2 protein chains.
Amino acid sequence: MSYIFVKDIKEHLGQEVTLKGWVRNIRHSGKLLFIIFRDGTGDIQSVAFKPELGEEAFEAAKKLTLESSVILHGIPKAHQKLENQFELAIQSLEVVQYAEDYPISKKEHGPDFLLSNRHLWLRSSKQWAVLRIRHTVYHAICEYLNNNAFIRFDSPILTPNACEGTTTLFELDYFDEGKAYLSQSGQLYLETGIMSFGRVYDFGPVFRAERSKTRKHLTEFWMMDAEAAYVEHAENMQIQEEMIRFVIRSVLAKCDQELDILERDKEALKRADAPFMRMTHYEVVEYLRTKGSDLDHESDLGAADEVMLTEGSDTPIFVEKWPKAIKAFYMKRDPENPDVVLGSDLIAPEGFGEIIGGSQREDDHDLLLSRMQAEKMPIEDYQWFLDLRKYGSVPHSGFGVGLERLVTWMSGIHHIRETIPFPRMIYRIYP
Amino acid sequence: MSYIFVKDIKEHLGQEVTLKGWVRNIRHSGKLLFIIFRDGTGDIQSVAFKPELGEEAFEAAKKLTLESSVILHGIPKAHQKLENQFELAIQSLEVVQYAEDYPISKKEHGPDFLLSNRHLWLRSSKQWAVLRIRHTVYHAICEYLNNNAFIRFDSPILTPNACEGTTTLFELDYFDEGKAYLSQSGQLYLETGIMSFGRVYDFGPVFRAERSKTRKHLTEFWMMDAEAAYVEHAENMQIQEEMIRFVIRSVLAKCDQELDILERDKEALKRADAPFMRMTHYEVVEYLRTKGSDLDHESDLGAADEVMLTEGSDTPIFVEKWPKAIKAFYMKRDPENPDVVLGSDLIAPEGFGEIIGGSQREDDHDLLLSRMQAEKMPIEDYQWFLDLRKYGSVPHSGFGVGLERLVTWMSGIHHIRETIPFPRMIYRIYP
């Protein structure tokens with residue numbers, strides 16, 4: 001490589017270097033020209049001095065506009081006052097392309113304009129920071145799992161069955177085989193994987209054809225499902241807690257600059273890296289009632305309930321042992337109370353809501369079959385799932401993490417649509 | 001954790017341990033019972049001695065069948081003769097579930113039977129080995145890219161455009177927005193990402209509704225697309241070569257046992273980790289003609305041509321500078337010969353065929369526009385793609401790796417359908 005990255009600048013102080021990138025900002029004052037230069041790995045203030053550059057080159061440089069592409073040759077040095085800040089003294093530059101009338105300016109743009117120009121909006125500092133945090137969160141999850149004996153096991157996207165009804169499924173024609181549906185979760189397939197690999201996970205896109213238009217909904221988003229043989233309910237929560245705390249530490253260690261750009265409260269993130277509280281659904285309802293809620297013991301928590309629950313808590317809270325009627329058929333019943341399931345939702349602090357759902361799974365063939373019959377599921381289509389309870393069934397548990405919701409929390413941003421490169425929503429599939 | 005994994009057994013020699021898993025095989029001889037025990041992280045021969053276990057427990061253990069789930073308590077020791085092999089002396093055991101009539105036996109089964117029982121077939125040693133190699137290849141690719149300044153940038157699956165015609169696209173209804181299509185490649189979207197992050201990649205499922213029924217085709221498979229700003233054709237090939245060689249070394253270092261199970265020729269893999277040859281398409285055609293081929297200079301290489309080309313080569317071979325007529329509109333023309341493009345295919349040795357396609361991209365707005373018009377593409381739908389050439393265009397290149405084809409080569413297996421947990425093919429979407 002005949003050039004260096006901005007991220008590596010401090011290893012080259014005082015040396016002649018070449019940087020290749022774009023103009024984030026530019027201003028001039030007499031014989032000085034200041035370029036905020038970016039190359040994707042970071043930004044650096046670069047200064048051109050007319051007598052150094054020469055008349056002609058200086059005039060060409062003055063014509064640079066926002067988002068013009070440019071190659072800089074110069075000498076990096078430490079900032080005189082700010083620690084860990086560097087400047088480039090430009091010796092010469094090559095204009096690659098002058099950008100004309102870049103559509104996104106410093107002024108406020110509406111969300112619809114920005115979403116329609118998502119391909120350009122991505123370049124703004126804030127979007128750059130959020131998506132780099134996404135990169136870090138993604139790999140922190142994989143690193144934790146890989147270090148804890150989980151094997152990547154990609155579940156299929158095209159599936160023949162409509163597990164929980166077709167109303168929120170995207171449907172398509174699959175050659176001569178009839179209808180296929182886009183996966184909403186790889187969980188059932190993952191359960192086949194643990195019987196071979198012990199512990200498995202997938203991490204890919206899932207799809208919900210929901211007509212929801214909230215700041216927390218996407219129709220296409222990324223989900224990590226993990227599943228582990230011989231892991232029961234309590235250990236399942238322990239794994240989730242360790243994983244989330246590992247993610248927090250990774251983001252704090254690797255994304256300091258990104259968190260600054262987003263003005264994220266880093267202290268709040270640090271405080272979340274502490275043991276997570278566990279409350280049963282019953283206890284949660286009782287607690288919320290003392291705070292004025294009229295929630296009953298048979299109901300799911302709404303977004304407002306989740307906010308109220310975590311108010312005053314630094315860490316996420318596990319809500320466990322849910323009423324069986326409002327949870328999925330495959331969750332194992334609590335042997336101490338058959339009206340509740342050994343499932344848990346993990347609720348993030350600071351109002352960011354649910355980030356994980358998990359449970360121990362029913363491992364008894366006949367119990368599972370009777371529940372599937374009660375839900376009028378097409379048994380023949382799920383014979384493979386029932387087979388897992390016939391040939392060496394074991395206690396097992398798993399959980400699913402919504403990547404974008406976790407990134408929303410880590411980034412401290414308001415709207416989930418900024419946590420994925422090209423958000424798909426009910427009224428948005430372009431670009 | 002109250003138990004250990006087989007993979008960690010050598011750290012516990014001589015200690016009392018608990019293992020949780022399944023019976024891969026069992027036989028008894030007088031007072032001895034031999035169980036090939038597996039827990040997903042590895043296999044271990046375990047021996048029960050009747051006087052040690054007691055009459056009743058020994059009789060219960062003798063009833064264990066293939067794929068029964070079982071918990072063993074015992075003491076691991078080194079194998080008397082074989083290095084790095086261990087045995088467990090069973091002290092006691094708990095039967096979790098007796099498996100009855102496990103459908104997959106030692107006898108040969110046809111592919112249709114095995115594919116219909118994919119959820120069980122996954123447990124066989126060979127499938128276990130192939131999918132663990134897949135895990136290793138996936139993470140080796142990510143590790144190489146992460147260490148070389150690439151940022152993960154997930155491209156969308158649901159796309160509004162049918163870039164190369166609709167004949168091989170899966171189509172679905174997207175709310176009130178009309179038709180949507182499942183992505184065949186994230187490349188065009190990745191080009192937006194480099195303008196923000198410098199270097200990006202995606203790694204997710206892609207879809208081809210092709211009516212092809214060969215051992216190399218899947219309708220749903222995983223693809224890694226990488227794209228880098230300011231990288232030109234030669235450096236693009238250099239990155240690909242470094243990445244593939246890193247993958248080879250990772251598989252050799254981490255999957256020794258898996259390669260043994262598959263009887264993979266490890267020496268052939270080691271020899272592939274050497275500088276890759278580069279030949280132009282013109283040179284390749286000339287060379288193949290000396291070997292009796294009647295290929296002409298305007299044609300793509302067929303599978304047989306690829307095999308003939310790499311015969312006698314230890315390493316993959318780059319075929320570069322293809323005739324423009326048979327390559328995509330976005331590839332940059334060679335300034336030294338405008339009839340060819342600055343693209344390359346990487347052909348694996350040992351007859352495994354193409355594993356990467358890549359090119360430098362056209363970065364000139366007007367040239368790109370005229371080519372899109374010539375191909376009668378709907379310009380308005382691709383305005384965002386053209387915008388990238390208006391606002392700070394830079395030379396850039398990228399490439400796409402088919403994960404399953406790469407895993408097929410690493411594993412040395414014949415059919416691509418074994419390299420993904422649940423293969424989707426023209427006549428196969430279950431389970």
Side-chain angles (χ1 to χ4, degrees), chain A residues 5 20 22 39-41 67-69 96-97 99 102 119-120 122-123 128 131-132 135 138-139 146 149 151-158 160 170-172 174-175 177 180 189 192-193 195-199 204-205 220 222 229-230 384 387-388 391-394 420-422 424 426 429-431, chain B residues 5 20 22 39-41 67-69 96-97 99 102 119-120 122-123 128 131-132 135 138-139 146 149 151-158 160 170-172 174-175 177 180 189 192-193 195-199 204-205 220 222 229-230 384 387 390-394 420-422 424 426 429-431:
Chain A
F5 293 125
K20 299 186 174 186
W22 297 266
D39 73 351
T41 73
E67 293 305 321
S68 289
S69 38
V96 181
Q97 188 190 45
Y102 186 67
H119 56 297
L120 304 175
L122 290 166
R123 305 183 190 188
W128 178 85
L131 292 176
R132 282 173 61 102
H135 167 89
Y138 185 97
H139 289 293
N146 293 350
I151 295 290
R152 189 177 174 102
F153 181 86
D154 298 305
S155 57
I157 306 299
L158 296 172
F170 288 108
E171 179 185 284
L172 49 86
Y174 192 80
F175 302 108
E177 302 292 306
Y189 287 99
T192 70
M195 304 292 175
S196 176
F197 303 97
R199 298 177 166 202
E220 173 182 333
W222 281 63
Y230 287 107
W384 60 272
D387 275 358
L388 306 178
Y391 306 116
S393 187
V394 297
I420 188 166
F422 289 91
R424 298 302 185 227
I426 173 167
I429 194 177
Y430 178 92
Chain B
F5 292 125
K20 300 185 174 186
W22 298 266
D39 74 349
T41 73
E67 292 305 321
S68 289
S69 39
V96 181
Q97 188 190 45
Y102 185 67
H119 57 296
L120 304 175
L122 290 166
R123 305 183 191 189
W128 178 85
L131 292 176
R132 281 173 61 103
H135 166 90
Y138 185 97
H139 288 293
N146 293 350
I151 295 291
R152 189 179 173 102
F153 181 85
D154 298 305
S155 56
I157 306 298
L158 297 172
F170 288 108
E171 178 185 284
L172 48 84
Y174 194 80
F175 303 109
E177 303 291 306
Y189 287 99
T192 69
M195 304 291 175
S196 176
F197 303 96
R199 297 176 167 203
E220 172 180 333
W222 281 63
Y230 288 108
W384 60 273
D387 275 358
K390 282 169 72 176
Y391 306 116
S393 188
V394 298
I420 188 166
F422 289 90
R424 299 301 186 227
I426 172 168
I429 194 175
Y430 176 91

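Just so we're on the same page: letters track the sequence lines, and every chain starts at 1. Keep in mind that this is a model prediction, so the values were computed, not measured.
In this structure, chain A has heavy atoms under 4.5 Å from both the backbone and the side chain of B:D154. With a 4.5 Å cut-off on non-hydrogen atoms, B:F175 touches chain A through its backbone and its side chain both. Only the backbone of B:K390 comes within contact range of chain A, with at least one heavy atom under 4.5 Å from a heavy atom of that chain. For chain B, the nearby part of A:P205 is the side chain; its heavy atoms alone come within less than 4.5 Å. Contact of B:F170 with chain A is made through the side chain alone, with heavy-atom distances under 4.5 Å. Proximity to chain B is limited to the backbone of A:E171, based on heavy atoms less than 4.5 angstrom apart. Looking at A:Y391, both its backbone and its side chain come within 4.5 Å of chain B, counting heavy atoms on both sides. Residue A:F422 touches chain B through both its backbone and its side chain, counting heavy-atom pairs closer than 4.5 Å.
Side-chain N or O atoms of A:Q97 include one that pairs as donor or acceptor with a backbone N or O of B:S393 at under 3.5 Å. A distance-only check finds no donor-acceptor pair linking the side chain of A:W128 to the backbone of B:F197 [under 3.5 Å]. Although no hydrogens or angles enter the test, the distance criterion places no donor-acceptor pair under 3.5 Å between the side chain of A:Y174 and the main chain of A:P160.
The NE2 atom of A:H139 sits 5.5 Å away from the CZ atom of B:R152 when rounded to the nearest 0.5 Å. How far OH of B:Y138 is from CD1 of A:I151: 14.0 Å, rounded to the nearest 0.5 Å. Residue A:Y230 holds its OH atom at 13.0 Å from CZ of A:R199, rounded to the nearest 0.5 Å.
Under the salt bridge (Lys or Arg N to Asp or Glu O under 4.0 Å) criterion, B:E220 pairs with no residue, sequence neighbours left out.
Ring to ring, A:Y189 and A:F153 are not that close: their centroids are 6.0 angstrom or more apart.
Looking only at heavy-atom pairs under 4.5 Å with chain A, the residue among B:P421, B:A149, B:A229 that has the most is B:P421. If you tally non-hydrogen atom pairs under 4.5 Å between each of A:A99, A:S155, A:S69, A:S68 and chain B, the highest count goes to A:S69. Interface summary for chain B: among A:L122, A:T192, A:T41, A:L158, the most heavy-atom pairs under 4.5 angstrom belong to A:L158. Heavy-atom pairs under 4.5 Å with chain B peak, among A:I420, A:V96, A:L131, A:N146, at A:N146. Counting heavy-atom pairs closer than 4.5 Å to chain A, the top-ranked of the candidates B:Y430, B:Y102, B:F5 is B:Y430. Chain A forms more heavy-atom pairs under 4.5 Å with one residue of B:D387, B:V394, B:I426 than with any other, namely B:I426.
Scanning all heavy atoms of the two residues, the minimum distance from A:G392 to B:W22 falls at O-NE1, 2.8 Å.
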